[in-house]
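Encoded as structure tokens, the structure appears first; notes follow it.
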Amino acid sequence: MTRSRYDELHDRFDPIKTGKAGTRYERLAAMVLKALNDRDVVVHDMKLVGDSTVPHQIDVSIQRDGVEHRILVECKDFDRREAKVDLDIVRSFRSVIEDTSADEAIIVTCIGFTEPAETYARAKGIKLAILRTFDDADREGRLQKIVLRMNIRGIVRLKVQQLGFDAVNHARFNAELAAAGLSGACGPDTPLHFVKNGEAVQFLDYVRRLAAADAGDSFEGERVLRAAPNGWALSVAGGAPIPFEVLDIAYVMADQTEISEITSDRIAELILCDLNGRDTIIYADQLARHQVGSDGTVG
């Protein structure tokens, strides 16, 4: 017997051995409905006795939010027939709804409904929905990835060309560097600060601040800046301030563009559409989280 697309899809997530046509589509619908509202008690293939005392086979039954609110679902896998659900099917299901006093009723299929079936269902308050595979055409008009384009303005190269002292302070500066075990190299954690009126700024931070202020918002390229002390002095490892005379800084300011793409690795498997144009995508991870137990309850 030829299998439908939904037979194949179902067995990827919850394989079963039955050859009964339509069973796997019913179970898929039950798994989807459970995924959409995990608090619901969803049961596949249950017998429900109506007021007539006649038992009815119900494809999917839903008990909502733990209260006595029962929803009956009729499922039709017409994938191989490529047929729409017609009026006779809707009318027959209506008789089951009346006999069981169901609170809500839904018919789910993979192809569609005839116009008389839609008209009758609307008049009787029966909801209609299409649960089908998610196709390439369904991607159109949907957000598939986010491209972030960031223009970052910053200093890409920075070098202190000269730090000038008079003879006395030059000797003092070198002596304090040696006492602190510091070499000529300076990193972000080096205990070397510019100090002024109780404020202390780490050496590299101070140099970057001067270069950024010099470049402003528009300059791009390479430049050498000569900065006067303006009341600032140098402190080695928290020692007393050492006056300096001149600070020459060479820097390169550039605008850089970074492009990042954000995409989802979720795999869309199904799409559930109502007749009002609203649809919900069902992903593989949602189906994988739910299976139909031996008693028909979807866990």
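All residue numbers in this chain count up from 1 along the given sequence.
- Within the 4.5 Å cutoff, no side-chain heavy atoms of Val252 are placed close to those of Ile155.
- Salt-bridge annotation for Arg94 and Glu98: present, with a side-chain N of the basic residue lying under 4.0 Å from a carboxylate O of the acidic one.
- The local environment of NZ in Lys196 is crowded, with over 12 non-hydrogen atoms from other residues, nucleotides or ligands closer than 6.0 Å.
- Side-chain N/O atoms of Asp99 and Ser52 include a donor and acceptor closer than 3.5 Å.
- At most 12 heavy atoms of other shown residues, nucleotides or ligands fall within 6.0 angstrom of atom CD1 in Ile267.
- Side-chain atoms of Glu26 and His44 form a donor-acceptor pair, as typed in the model, at a separation below 3.5 Å.
- Ion pairing of Arg153 with Glu220 is absent here, as no side-chain N (NZ or NE/NH1/NH2) approaches a carboxylate O to less than 4.0 Å.
- In summary, the side chains of Thr133 and Arg5 do present a donor paired with an acceptor at a separation below 3.5 Å, with no hydrogens or angles considered.
- Comment: Glu269 engages Arg12 in a salt bridge, judged by a side-chain N to carboxylate O separation of less than 4.0 angstrom.
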Original post:
Where do Arg172 and Glu176 land on the salt bridge (charged side-chain N to carboxylate O under 4.0 Å, His left out) test, with the steps shown first?
Top reply: CA-CA 6 Å; Arg172 181 184 164 195; Glu176 293 196 16; 3.3 Å; yes
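- Ionic pairing of Asp59 and Lys76 is not present here: no N-O contact between side-chain nitrogen and carboxylate oxygen is shorter than 4.0 angstrom.
- If you chain together hydrophobic residues whose side chains sit under 4.5 Å apart, Ile130 and Phe134 never meet in one group.
- Nearest heavy-atom pair, Asp7 versus Arg3, reported as atom, atom and distance to 0.1 Å: O-NH2, 3.3 Å.
- Atom CD of Gln57 has more than 12 heavy atoms from other residues, nucleotides or ligands within 6.0 Å.
- In terms of the side-chain hydrogen bond (donor to acceptor under 3.5 Å, both in side chains) criterion, residue partners of Arg266 (sequence neighbours excluded) are, by chain and number, Asp285.
- The structure places CZ of Arg226 at 4.0 Å from CG of Asp248, a figure rounded to the nearest 0.5 Å.
- Residue Val298 shares its hydrophobic cluster (ILVMFWY side chains chained together at separations under 4.5 Å) with Tyr6, Leu9, Phe13, Tyr25, Leu28, Met31, Val32, Leu33, Leu36, Val42, Val60, Ile62, Ile71, Val73, Ile106, Val108, Leu131, Leu270, Leu272, Ile282, Leu287, Val292.
- Residue Glu82 places its CD atom among 12 or fewer non-hydrogen atoms of other residues, nucleotides or ligands, all under 6.0 Å distant.
- The existence of a salt bridge linking Asp274 and Lys127 is excluded, since no basic side-chain nitrogen approaches an acidic carboxylate oxygen closer than 4.0 Å.
- Aromatic rings from Trp232 and Phe244 are positioned such that their centres are separated by 6.0 Å or more.
- Between the CD1 atom in Ile249 and the CD atom in Gln162 there is a gap of 11.5 Å [rounded to 0.5 Å].
- Look at Arg64 and Asp40 and you find a salt bridge, because one of the NZ, NE, NH1 or NH2 atoms lies within 4.0 Å of a carboxylate O, short of that distance.
- Cation-pi geometry between Arg223 and Phe219 is satisfied (NZ or CZ under 6.0 Å from the ring centre, within 45° of the ring normal).
- Distance check: Leu72 CG to Met46 CE gives 8.5 Å after rounding to the nearest 0.5 Å.
- Between Asp138 and Arg132, at least one side-chain N (NZ, or NE/NH1/NH2) sits under 4.0 Å from a carboxylate O, which counts as a salt bridge.
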